[in-house]
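Counting begins at 1 with the first residue of the sequence.
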Amino acid sequence: MSDRYGNDVLSGDWKSKGRLARPTSQALEATRGTVVEDVETGWVGAVVAVEKAGGVHVVHLEDRRGRVKAFPLGPGFHVDGRPVTLTAPKGAQRAALAAAQQAASRTASGSVAVHDKSAKVARASRIFVEGRHDAELVEKVWGHDLRVEGVVVEPLDGVDDLSAAIRDFGPGRGRRMGVLVDHLVPGSKESRIVAKANQVAPDHVLVLGHPYVDVWQSVRPQRLGMDAWPTIPRSIEWKKGICQHLGWAHDTQADIARAWKQILGTVRTYADLEPALLGRVEELIDFVTAPE
């Protein structure tokens, strides 16, 4: 008589039947540039550094937006969909990573980072910029340098009355004033304002400018996935037009603030800014820190 119910389904290796075996994780050296995915968080990035922190080895992964995040070295990563266990690099790869980490010891402005040194007491000399966004960009790229030199950056909230702002500051010997102006091009309103302001205290004030409509435009457009910044009609407020072009919300001031945070977040180092801004900021720093 046949067994209508078949054999005991719990006998034998029932766990492995009807499913694929789990793939084995392979050891892989965390060499610089290797693109891996952290399985737990889904973070995908290229290896930029491996170091020991808090008694454990960690690997730093940089995503396509330039953001860097650290993960414990070991299992839990995928490469091309295959599970891998990241291991510390050896030999030449260790030397290459060490060189990369040495390069990372430079500041965002490209100067050598100064460690174990507190910021100087603020100088009497100051650098002034048009608004908050300008100040935040300067801080992000040159902040370390400015703290080492004891230079404070202050927003002016516009330069329509720059001459009055200079008189209020009271520049003089040991109290220099550097000013960065947006859209300083021949024939502009700003050029006329600066020409008048330069007469107030020419020996102790340096006013420089960049050609961009707004400091937003000094960020290389490639950082936002564009070949060039778009031309916005004069009938549309420039920042709102930019947000509209990028497909971002732009109806309120909060929308504009969030847009700027997104743009600022793409800036990692001086290489993400246009040379016309870089040179002017460097000149202003040299001016206000020069011995008298």
**Message:** Could you measure the distance from the NZ atom of Lys196 to the CD1 atom of Ile166? Nearest 0.5 Å is fine.
**Reply:** 11.0 Å
**Complete:** Nearest heavy-atom contact between Ile256 and Lys239 is CG2-CD, 4.0 Å
**Request:** With the side chain counted from C-beta on, respond yes when Trp216 and Cys243 share a heavy-atom pair under 4.5 Å apart, and no when they do not.
**Result:** yes
**Request:** Report whether Val213 and Ile236 are members of the same hydrophobic cluster (ILVMFWY, side-chain heavy atoms less than 4.5 Å apart, transitive linking).
**Result:** yes
**Request:** Write down the atom of Tyr212, the atom of Ala276, and the distance for their closest heavy-atom approach.
**Result:** OH-CB, 3.3 Å
**His133 and Trp260 aromatic ring geometry - parallel, tilted or perpendicular at 30°/60° bounds** = parallel
**Prompt:** Is the backbone N or O of Phe128 less than 3.5 Å from a side-chain atom of Glu154, with the two atoms forming a donor-acceptor pair by type?
**Reply:** no
**Request:** Start with the C-alpha gap between Phe77 and Val39, add the side-chain angles, then the distance that decides, and say whether side chain to side chain contact (heavy atoms under 4.5 Å, CB included) holds.
**Result:** CA-CA 5 Å; Phe77 298 94; Val39 176; 5.5 Å; no
**Message:** Less than 4.5 Å apart, side chain to side chain, heavy atoms only: is that true for Gln262 and Trp248?
**Reply:** yes
**Asked** Hey, quick one: are Leu73 and Val36 part of the same hydrophobic cluster, counting side-chain heavy atoms closer than 4.5 Å, chains of contacts allowed?
**Response** yes
**Asked** Are Met226 and His245 close enough, and set up right, to give a side chain to side chain contact (heavy atoms under 4.5 Å, CB included), and what steps lead you there?
**Response** CA-CA 10 Å; Met226 303 184 295; His245 176 84; 3.8 Å; yes
**Message:** Please say yes or no: joined through hydrophobic side-chain contacts below 4.5 Å, possibly via intermediate residues, are Val151 and Val129 part of one cluster?
**Reply:** yes
**Message:** Quick check on Asp168: does its CG atom have over 12 non-hydrogen neighbours (other residues, nucleotides or ligands) under 6.0 Å away?
**Reply:** yes
**Prompt:** Should Asp160 and Lys189 count as an ion pair when the cut-off is N to O under 4.0 Å?
**Reply:** yes
**Side-chain heavy atoms of Leu224 within contact of Trp229, under 4.5 Å** = yes
**Message:** So which atom in Pro171 and which in Ala201 form the shortest heavy-atom distance, rounded to 0.1 Å?
**Reply:** CG-CB, 3.8 Å
**Prompt:** Which pair of heavy atoms, one from Gly178 and one from Leu284, lies closest together, and at what distance?
**Reply:** CA-CD2, 3.8 Å
**Asked** Do the charged groups of Glu62 and Arg32 touch, with an N to O distance under 4.0 Å?
**Response** no
**Request:** Find the distance between OG1 (Thr85) and CD (Glu29) and round it off to the nearest 0.5 Å.
**Result:** 13.0 Å
**Message:** Is it the case that the side chain of Asn198 and the backbone of Ala195 share a donor-acceptor pair, with hydrogens and angles ignored and the cut-off at 3.5 Å?
**Reply:** no
**Request:** Show your reasoning for whether side chain to side chain contact (heavy atoms under 4.5 Å, CB included) applies to Ser191 and Leu184.
**Result:** CA-CA 6 Å; Ser191 66; Leu184 187 55; 4.2 Å; yes
**Asked** Is there a donor-acceptor pair closer than 3.5 Å between any side-chain N or O of Arg126 and the backbone N or O of Arg176?
**Response** no
**Message:** Can you confirm whether Pro230 sits close enough to Ile242 that some side-chain heavy atom of one is under 4.5 Å from a side-chain heavy atom of the other?
**Reply:** yes
**Request:** Give a yes or no on whether Leu86 and Val79 share a hydrophobic cluster (residues Ile, Leu, Val, Met, Phe, Trp, Tyr; joining criterion: side-chain heavy atoms under 4.5 Å apart).
**Result:** yes
**Prompt:** Hey, are Lys261 and Glu136 close enough for a salt bridge, meaning a charged N less than 4.0 Å from a carboxylate O?
**Reply:** yes
**Message:** Quick check: do Val288 and Arg123 have side-chain heavy atoms less than 4.5 Å from each other?
**Reply:** no
**Request:** Provide the closest heavy-atom pair for Asp251 versus Asp255 in the form atom of the first, atom of the second, distance.
**Result:** N-OD2, 3.0 Å
**Message:** Just verifying a value: how many Å separate Asp286 CG and Glu149 CD, rounded to the nearest 0.5 Å?
**Reply:** 9.0 Å
**Item:** Whether Thr289 side chain and Ile285 backbone form a donor-acceptor pair below 3.5 Å
**Value:** yes
**Trp43 side, atom CH2; Asp38 side, atom CG - distance, nearest 0.5 Å** = 10.0 Å
**Prompt:** Quick one: are Val200 and Val205 in side-chain contact, heavy atoms under 4.5 Å?
**Reply:** no
**Item:** Side chain to side chain, Leu61 and Val48, heavy atoms closer than 4.5 Å
**Value:** no
**Spacing of OG belonging to Ser125 relative to NE2 belonging to His204, to within rounding of 0.5 Å** = 10.0 Å
**Under 3.5 Å donor-acceptor, Lys140 side chain and Leu264 backbone** = yes
**Item:** In one Ile/Leu/Val/Met/Phe/Trp/Tyr side-chain cluster, 4.5 Å: Leu278, Val215
**Value:** yes
**Item:** Closest heavy-atom pair and its distance - Ser188, His183
**Value:** OG-O, 3.4 Å
**Request:** Under the side chain to side chain contact (heavy atoms under 4.5 Å, CB included) rule, what do Leu180 and Val281 come out as? Steps first, then yes or no, please.
**Result:** CA-CA 7 Å; Leu180 180 67; Val281 175; 4.1 Å; yes
**Request:** Taking the side chain as every heavy atom from C-beta outward, state whether Leu162 and Val207 have any atom pair closer than 4.5 Å.
**Result:** yes
**Prompt:** Do the charged groups of Asp272 and Arg223 touch, with an N to O distance under 4.0 Å?
**Reply:** yes
**Message:** Under a 4.0 Å threshold between the charged nitrogen and the carboxylate oxygen, would Glu139 count as salt-bridged to Arg147?
**Reply:** yes
**Item:** Any donor-acceptor N or O pair under 3.5 Å, side chains Trp238, Gln217
**Value:** no
**Passing option when Leu137 is tested against Leu273, Val153, Ile263 for side-chain contact (heavy atoms from CB on, under 4.5 Å)** = Leu273
